[in-house]
Amino acid sequence: QERLAESGGGSVQAGGSLRLSCSYSGHIYTTSCAAWFRQAPGKKREGVAGIDASGVTVYADSVKGRFTISKDNSENTLYLEMNSLKPEDSGMYYCAALFCSIGNRRFPSMREADFVYWGQGTQVTVSS
């Protein structure tokens, strides 16, 4: 059974940084596509960043230049480096992934429906 587990969330002041991690367990993916999503209270979940099997990335306009998504296939871990954090970045952050091949044109993606496996989320709170 594939499982994703996020870690690294916490509370930080505006302008600070956090690094989220998402580890995969279960089957070992030689190639995977993944993404980070977030949901603030009372708002819909939104895509933050996505990465395809070859490492090509996509970002939401609101985080471009501040967030970096990356993955380590050998360690089955997805990362989200978040810098210059703003109060509006607060929310529950979720990782999502699936096995996919290099060259899959559907990815990188930030569409919820494209992903099969989801983590439980990690809370990020940015204070002003």
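- Side-chain contact of Thr77 with Asp72: a donor-acceptor pair under 3.5 Å is absent, judged by distance alone.
- The number of heavy atoms from other shown groups lying within 6.0 Å of CD (Glu88) is above 12.
- Under the 4.5 Å side-chain criterion, counting only non-hydrogen atoms from C-beta, Arg45 is not in contact with Arg38.
- In summary, the aromatic rings of Trp118 and Phe37 are positioned with their centroids under 6.0 Å apart.
- Ala60 and Gly47 get closest at one heavy-atom pair: CB-O, 3.5 Å.
- In this structure a side-chain-to-backbone donor-acceptor pair under 3.5 Å is missing from Gln39 to Gly91.
- Side chains of Tyr79 and Leu20 form no contact here, defined as non-hydrogen atoms less than 4.5 Å apart.
- Using modelled atom types, one side-chain atom of Lys71 and one backbone atom of Ser32 make a donor-acceptor pair closer than 3.5 Å.
- Summarising the geometry, atom CD belonging to Glu6 is positioned 8.5 Å from atom OG belonging to Ser23; distances are rounded to the nearest 0.5 Å.
- Side-chain contact between Phe67 and Thr57 is absent, with no heavy atoms from C-beta onward closer than 4.5 Å.
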List the steps and the verdict of side chain to side chain contact (heavy atoms under 4.5 Å, CB included) for Tyr94 and Cys22. CA-CA 9 Å; Tyr94 301 89; Cys22 171; over 6 Å; no
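- The two atoms that bring Ser17 and Val12 nearest to each other are N-CG2, 4.0 Å, heavy atoms only.
- Closest approach of Pro87 and Ser127 over heavy atoms only: CG-C, 4.4 Å.
- The main-chain N or O of Tyr93 is never found under 3.5 Å from a side-chain atom of Gln123 such that the two would form a donor-acceptor pair.
- A salt bridge links Arg66 and Asp89; the closest N-O separation between the charged side-chain nitrogens and carboxylate oxygens is under 4.0 Å.
- Each of Leu78 and Ile102 belongs to its own hydrophobic cluster when Ile, Leu, Val, Met, Phe, Trp and Tyr are linked at side-chain heavy-atom distances under 4.5 angstrom.
- Residue Met82 is not grouped with residue Met110 when hydrophobic side chains (ILVMFWY) are merged at heavy-atom distances under 4.5 angstrom, including chains of intermediate members.
- Remark: Arg3 is not positioned above the aromatic ring of Tyr24, lacking an NZ or CZ atom under 6.0 angstrom from the ring centre and at most 45 degrees off the axis.
- Contact record, Tyr59 with Thr68: OH-CA, 3.3 Å, taken as the closest heavy-atom pair.
- Summarising the geometry, atom CG belonging to Asp52 is positioned 8.5 Å from atom CG belonging to Asn104; distances are rounded to the nearest 0.5 Å.
- In this structure, the separation between OG on Ser109 and CG on Asp114 is 3.5 Å, given to the nearest 0.5 Å.
- Distance check: Arg105 CZ to Cys100 SG gives 14.5 Å after rounding to the nearest 0.5 Å.
- Contact annotation: the side chain of Phe107 approaches that of Phe115 to within less than 4.5 Å [non-hydrogen atoms, C-beta and beyond].
- When all heavy atoms are compared, the tightest approach of Ile51 to Ile69 is CG2-CD1, 3.8 Å.
- When all heavy atoms are compared, the tightest approach of Ser90 to Val126 is OG-N, 2.8 Å.
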